[in-house]
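Naming: A, B, ... by sequence-line order, numbering from 1 per chain.
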Number of protein chains: 2
Amino acid sequence: MATLKQVAAHADVSVQTVSNALNAPHRLKPDTLRRVTRSIELLNYKPNRNARSLRTSAVELIGYCVPSWPHGQTHLVMDQFLHALCTAAERTGRHILLFTAPTGIDGMPVYDDLHARRLVDGFVLSQTETHDPRHGWLKEQRIPFVSFGRVWKETTQPGPYVDVDGAAGCATAVRHLYETGRRRIAFLSWPRTSGLAEDRLAGWRTTCKELELPTKDLAIRCPEDMIDEGARATAKLLDAGLEAGTPVDGIVAISDILALGALRELTARGLTAGVEVGVTGFDDSPLASVVSPALTSVRQPIDRIATELIALLTDSPAPADPATGGTERLLQPELVIRGSSAPG
Amino acid sequence: MATLKQVAAHADVSVQTVSNALNAPHRLKPDTLRRVTRSIELLNYKPNRNARSLRTSAVELIGYCVPSWPHGQTHLVMDQFLHALCTAAERTGRHILLFTAPTGIDGMPVYDDLHARRLVDGFVLSQTETHDPRHGWLKEQRIPFVSFGRVWKETTQPGPYVDVDGAAGCATAVRHLYETGRRRIAFLSWPRTSGLAEDRLAGWRTTCKELELPTKDLAIRCPEDMIDEGARATAKLLDAGLEAGTPVDGIVAISDILALGALRELTARGLTAGVEVGVTGFDDSPLASVVSPALTSVRQPIDRIATELIALLTDSPAPADPATGGTERLLQPELVIRGSSAPG
DNA sequence: CGGATTGTTTTTAACGTTCAAAATGCTGTG
DNA sequence: CACAGCATTTTGAACGTTAAAAACAATCCG
């Protein structure tokens with residue numbers, strides 16, 4: 001494996017000149033640059049990143065803690081997210097280093113260790129919890145990080161974040177169902193403990209109010225994100241609607257999994273999603289396009305999220321430029337319309 | 001951030017002694033060791049990995065190329081796999097570095113680059129294709145790697161691998177259906193181009209022959225791994241069975257997704273999976289336990305796979321010990337029985 | 001008691017890069 | 001022609017660690 005020294009000898013210049021050819025080519029006389037470049041190519045020289053990092057104390061690696069999920073639950077778009085994050089990191093010459101850690105504050109020693117040993121420059125957090133302690137901790141330790149997801153119910157965010165406007169996403173879903181003629185639109189949610197859930201729920205409620213649609217008894221909290229729970233909640237909604245003579249004709253689900261449950265319950269009752277009842281999901285997971293009728297779903301702009309995460313983490317500290325907007329980015333999701341809400 | 005030098009000064013020993021305290025504690029006098037250890041803790045010293053790597057030229061990082069999937073397809077167990085891989089790597093003090101690369105031979109320069117710049121020591125490959133060119137290439141370049149998945153249709157494997165005995169998995173599934181009284185067991189497969197598919201298909205066919213069950217016209221190749229395709233194939237099987245007066249009563253699917261299609265078609269026809277027809281999937285993805293009836297599925301031993309991958313990659317070159325079995329490991333999957341094959 | 005043996009600690013020199021400062025060469029100016 | 005000013009290149013030192021060899025200390029044996 002060629003080293004700077006060997007390239008220098010080959011090109012008959014000093015070691016530093018070769019280094020400059022790579023890191024500050026404008027400093028070299030065009031002629032020298034050409035000669036050095038040729039030697040680099042000839043010897044197939046690749047700079048040793050460890051030596052570089054030792055000198056500059058920057059490793060160009062970003063830590064990401066691979067979430068471990070409660071049994072039966074999976075992040076259906078995690079592979080998309082990781083791919084996007086990698087790609088975004090690579091665009092800046094960086095890479096993603098995976099690690100595992102206990103959840104919550106118990107995991108912080110691991111983060112600290114990775115940073116102290118100089119395995120990573122900083123972290124991308126995801127799976128932000130309502131009172132996530134990690135952000136404050138990292139900030140206190142002055143360890144660089146950026147979060148995918150806001151820290152809910154805190155007055156101030158303890159660091160830079162990128163998030164998706166879940167309220168807006170659900171609002172769009174409600175409006176879409178309204179435009180396709182639905183007038184009694186229910187919401188399948190998660191337990192109250194999740195800030196994420198409250199955000200999306202609020203989007204549904206506000207928009208229904210705006211459109212003068214009913215909301216009473218139309219929001220159901222499923223204890224877990226499972227198909228069965230979605231089906232059960234849907235059954236409850238349909239039954240109550242029939243009894244009262246005001247049938248539900250739209251269902252906005254907080255996740256694709258719950259929406260799938262709704263689809264299943266509809267099918268079981270001989271109803272067709274997209275005809276009698278419009279259904280939307282959230283995340284546009286791979287499942288959405290694979291079921292039938294295919295599921296209308298709110299898609300998070302994953303590539304954009306990844307790009308912004310990397311930018312916030314690696315760009316020079318907080319350009320107070322109001323145009324790019326400091327260190328907080330709220331991105332708008334997009335509704336992908338398929339058969340479950342509008343047949344044909 | 002404390003360095004060896006500072007710790008050495010604090011403990012009043014030489015730098016090398018501190019280094020030894022960490023890397024070869026048996027060489028120190030117990031008394032010295034105690035003193036040094038105390039200083040290390042007091043100063044909260046963490047060795048700088050870059051400096052270490054520079055000196056030893058081992059980075060303790062393993063590269064893994066995050067697969068980018070054709071639209072609509074996802075590896076439903078990828079997050080489980082990554083988690084297991086991380087954990088296994090961490091047990092040996094290593095970590096996983098993610099990267100992206102073009103598929104096939106076009107991606108090799110990326111692998112070469114990462115290795116040459118000393119960002120990684122070696123690679124874990126997955127998504128092995130039938131004539132995967134990567135293995136041979138890496139071997140030629142003497143870049144360490146290990147593969148999850150065999151290279152099919154080659155006389156010799158160009159490197160160490162771990163794989164799951166798909167034929168055995170399907171055989172188990174067939175036997176299980178047989179034991180629950182099924183006598184006409186079909187197989188939902190993928191296109192012929194996949195070695196993986198042929199392996200699993202062979203397991204089904206052989207076992208049916210052994211049990212003297214019919215196989216003619218009972219294997220269907222779905223062009224894509226999608227729920228719809230599984231449903232369509234199932235419909236075809238059920239129709240043909242009815243016509244001939246010999247109804248299909250068992251379905252072994254090569255993936256959970258296809259099995260889900262089978263479940264859907266059964267439901268659509270008013271049949272109950274696990275009662276009239278037994279259905280099994282492959283991979284035990286999160287979906288399997290979340291549908292209803294829950295899906296019986298062949299589970300790959302993911303943790304074991306990850307452990308063996310890391311072991312093969314990092315252990316001293318090929319212990320020719322026949323007990324642990326050289327550099328090729330074929331692991332046995334396990335059938336997870338749920339309602340889709342045996343109600344109640 | 002001398003010398004070999006073993007156990008413990010220190011010294012010296014690298015690993016491959018970049019930073020900061022110094023040196024060199026060149027151009028133009030008075 | 002002396003010299004300031006600039007562009008280009010080289011020198012020397014450092015980043016934090018470990019390998020190898022050397023030094024030192026303690027123990028054993030005849």
Send over the distance from [X] [atom1] to [N] [atom2], rounded to a whole Å.
{"X": "A:Arg27", "N": "C:dC19", "atom1": "CZ", "atom2": "P", "value": "8 Å"}
{"X": "A:Gln16", "N": "D:dT8", "atom1": "CD", "atom2": "P", "value": "15 Å"}
{"X": "A:Asn23", "N": "C:dA20", "atom1": "CG", "atom2": "C1'", "value": "15 Å"}
{"X": "A:Arg49", "N": "C:dT18", "atom1": "CZ", "atom2": "P", "value": "11 Å"}
{"X": "B:Lys29", "N": "C:dT6", "atom1": "NZ", "atom2": "C1'", "value": "14 Å"}
{"X": "B:Arg34", "N": "C:dT8", "atom1": "CZ", "atom2": "P", "value": "13 Å"}
{"X": "B:Met1", "N": "D:dC15", "atom1": "CE", "atom2": "P", "value": "15 Å"}
{"X": "A:Leu28", "N": "C:dG25", "atom1": "CG", "atom2": "C1'", "value": "15 Å"}

### Message
If the threshold is 4.0 Å, N to carboxylate O, is there a salt bridge linking A:Asp113 and B:Lys46?
### Response
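Judged by the 4.0 Å cut-off on N to carboxylate O distance, A:Asp113 and B:Lys46 do form a salt bridge.
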#### Entry: Charged N-O contact under 4.0 Å between A:Glu308 and A:Arg304
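Answer for the salt bridge query: yes.
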### Derivation of the ring-ring contact (aromatic ring centres under 6.0 Å, His included) call for A:Phe99 and A:Tyr64
CA-CA 6 Å; A:Phe99 66 99; A:Tyr64 179 75; 8.0 Å; no
Is [X] near enough to [N] that one of its side-chain N or O atoms lies under 4.0 angstrom from OP1 or OP2?
{"X": "A:Asn20", "N": "D:dT8", "value": "no"}
{"X": "B:Thr17", "N": "C:dT9", "value": "no"}
{"X": "A:Ser19", "N": "C:dT17", "value": "no"}
{"X": "B:Ser14", "N": "C:dT9", "value": "no"}
{"X": "A:Arg52", "N": "C:dT18", "value": "yes"}

### Query
With a non-hydrogen cut-off below 4.0 angstrom, is A:Asn50 in contact with a base, only sugar-phosphate, or nothing?
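Nothing, no nucleic acid heavy atom in range.
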### Task
Could you tell me whether B:Thr32 contacts a base, only the sugar-phosphate backbone, or nothing, with contacts defined as non-hydrogen atoms closer than 4.0 Å?
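Sugar-phosphate contact only.
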### Message
Near DNA chain C, counting only heavy atoms under 4.0 Å, which residues of residues 3-13 of chain A show up?
### Response
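Those residues whose heavy atoms fall under 4.0 Å from DNA chain C, taken from residues 3-13 of chain A in numerical order, are A:Thr3, A:Leu4.
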Approximate separation, where rounding is to 0.5 Å, of [X] [atom1] and [Y] [atom2]:
{"X": "B:Arg134", "Y": "B:Ile143", "atom1": "CZ", "atom2": "CD1", "result": "13.0 Å"}
{"X": "B:Leu97", "Y": "A:Leu61", "atom1": "CG", "atom2": "CG", "result": "5.5 Å"}
{"X": "B:Glu328", "Y": "B:Gln157", "atom1": "CD", "atom2": "CD", "result": "5.5 Å"}
{"X": "B:Asp132", "Y": "B:Leu125", "atom1": "CG", "atom2": "CG", "result": "7.0 Å"}

### Message
Quick check on the helix from C:dC1-D:dG30 to C:dG30-D:dC1: what's the angle between its two end axes, five base pairs per end, to the nearest 10°?
### Response
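Its terminal axes enclose an angle near 60°.
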### Whether A:Phe81 and A:Phe148 hold their rings parallel, tilted or perpendicular, with breakpoints at 30° and 60°
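Ring orientation of A:Phe81 relative to A:Phe148: parallel.
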### Task
Report yes if the side chains of B:Leu42 and B:His10 come closer than 4.5 Å at any heavy-atom pair, otherwise no.
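Answer yes - side chains close enough.
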### Query
Do the side chain of A:Arg55 and the base of C:dT17 come within less than 3.5 angstrom through a donor-acceptor pair of N or O atoms?
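Check fails, no donor-acceptor contact within cut-off.
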### Message
With a sphere of 6.0 Å drawn around CG of B:Asn23, does it hold more than 12 non-hydrogen atoms of other residues, nucleotides or ligands?
### Response
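For B:Asn23, atom CG is crowded (more than 12 foreign heavy atoms under 6.0 Å).
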### Query
Looking at D:dT17, D:dT9, D:dT18, which one has an atom nearest to any side-chain atom of B:Thr56?
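So the side chain of B:Thr56 is nearest to D:dT18.
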### Task
Kindly point out which of D:dG12, C:dC15, D:dT8 is positioned nearest to the side chain of B:Leu54?
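For the B:Leu54 side chain, the nearest candidate turns out to be C:dC15.
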